[in-house]
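Counting convention: from 1, in listed order, for ligands and their atoms alike. All of these numbers come straight from a predicted model, not from anything done at the bench. Numbers here are sequence positions counted from 1. All heavy atoms count here, side chains included; hydrogens, waters and symmetry mates do not.
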Amino acid sequence: MSGIRPVVVAANWKMHKTGPEVEPYFAIFRRIRQGRGSERVVVFPPFPLLELAVRAAGEVAEIGAQNCHWEPSGPFTGEVSVSMLAAAGARLVLVGHSERRQLFGETDEDCARKVRAVLAGGLSPMLCVGETIEERDAGRQRTVVIRQLTRALDDLPADGSERLLIAYEPVWAIGTGRTASPEDAQTMHAAIRETLRTVLGARRSGCVPILYGGSVKPENAAELLARPDIDGALVGGASLSPEAFASIVAASPRRQDRA
Ligand code: PGA
């Protein structure tokens with residue numbers, strides 16, 4: 001028996017938008033949403049927009065950061081600690097997005113340190129995993145993703161692990177317009193769920209939402225989110241429009257107790 005998982009729909013703004021765009025975005029999003037739905041909605045803006053976004057979002061979305069450093073403070077020019085993010089009002093932190101891994105050399109060991117630091121700071125890590133096209137073509141997607149997961153969740157403290165979220169984002173589907181088929185995504189999500197069960201135990205793993213990411217749009221969201229182990233979506237490009245993001249949120253099934 002597993003636990004209760006909310007549907008989570010998250011916007012990753014990446015390196016887009018400036019201060020003056022924040023309030024109008026949430027004003028439009030709020031007007032379309034009109035208090036509907038029980039989904040957990042999260043927006044990940046760039047660092048300088050965090051406080052603005054927290055104020056503008058109010059109750060309509062939780063705000064998260066796109067990255068963090070694992071040390072609490074110190075001589076790390078250009079880095080931002082978890083306590084700084086918490087003080088800005090962030091509640092979640094993305095860890096190990098494939099752009100961080102590929103462009104900035106983040107390793108699974110870095111991800112493990114970040115996951116532990118985010119949990120220790122009382123925030124929720126959203127750990128991203130996913131295979132490249134070469135790995136998929138070689139049939140290694142399962143091995144790669146299970147390895148990323150087990151390494152990044154190494155030595156996870158029992159305390160707070162119920163705040164963990166996972167995003168499965170096949171690298172070849174990010175920003176390319178190519179989405180994994182709902183069947184392929186479901187197969188990977190089921191493998192991730194099984195791995196979480198081994199790492200965290202049945203009770204704790206049952207509470208962890210597993211989101212799909214990679215070219216999610218209003219047109220394909222409902223089909224993906226209908227699969228039993230797909231608990232939500234992490235949306236990049238389409239989340240830059242409040243209208244498109246709101247319609248992806250609206251496409252999520254009204255299930256509060258996916259177990
Ligand atoms: P995409 O990005 O929706 O633009 O493919 C998803 C992500 O990178 O989180």
Side-chain angles (χ1 to χ4, degrees), residues 7-17 21 25 29 39-47 49-50 53 61-68 90-106 110-111 114-115 118 124-133 135-136 141 144-145 148-149 152 164-182 184-185 188-189 192 208-225 227 230-252:
V7 171
V8 185
V9 188
N12 177 8
W13 286 0
K14 308 193 180 186
M15 199 169 74
H16 295 285
K17 298 197 187 289
E21 295 170 86
Y25 180 97
F29 184 76
E39 308 79 11
R40 192 170 171 195
V41 177
V42 183
V43 176
F44 293 99
F47 289 139
L49 307 185
L50 282 173
E62 293 173 76
I63 301 301
Q66 297 174 14
N67 187 25
C68 67
R91 306 248 287 266
L92 299 92
V93 184
L94 276 183
V95 175
H97 188 279
S98 67
E99 286 151 17
R100 301 287 329 157
R101 293 175 190 260
Q102 295 205 310
L103 306 173
F104 302 98
E106 267 182 31
D110 295 336
C111 293
K114 291 182 185 195
V115 167
V118 173
S124 302
M126 186 182 287
L127 172 69
C128 303
V129 294
E131 79 284 359
T132 63
I133 191 65
E135 290 161 342
R136 174 154 286 255
Q141 63 273 20
V144 167
V145 165
Q148 289 174 338
L149 267 179
L164 176 71
L165 301 95
I166 305 291
Y168 167 62
E169 300 202 300
V171 178
W172 47 270
I174 296 179
T176 58
R178 259 184 87 184
T179 326
S181 70
D184 283 348
M188 290 302 290
H189 280 234
I192 292 169
V208 178
I210 308 173
L211 285 66
Y212 170 81
S215 297
V216 176
K217 347 180 226 293
E219 302 78 53
N220 59 21
E223 211 190 354
L224 285 158
L225 288 163
R227 302 291 149 151
I230 303 183
D231 303 315
L234 177 56
V235 189
S239 77
L240 296 176
S241 147
E243 291 88 352
F245 185 52
S247 66
I248 292 170
V249 177
S252 62

> ring-ring contact (aromatic ring centres under 6.0 Å, His included) with F44: which residues, sequence neighbours excluded?
Replying inline: none

> What residues, two or more places apart in sequence or in another chain, satisfy ring-ring contact (aromatic ring centres under 6.0 Å, His included) together with H189?
Replying inline: Y168

> What closest approach, in Å, do R101 and C128 show between heavy atoms, and which atom pair accounts for it?
Replying inline: NH2-O, 2.9 Å

> Contact residues of ligand 1 with a heavy-atom cut-off of under 4.0 Å?
Replying inline: N12, K14, H97, E169, A173, I174, G175, G214, S215, L234, V235, G236, G237

>> Does either side chain, that of W172 or that of E131, offer a donor lying less than 3.5 Å from an acceptor on the other one?
In response: yes

> Does any donor atom in the side chain of H97 or E169 lie under 3.5 Å from an acceptor atom in the other side chain?
Replying inline: yes

> With sequence neighbours left out, what residues match K14 under salt bridge (Lys or Arg N to Asp or Glu O under 4.0 Å)?
Replying inline: E99

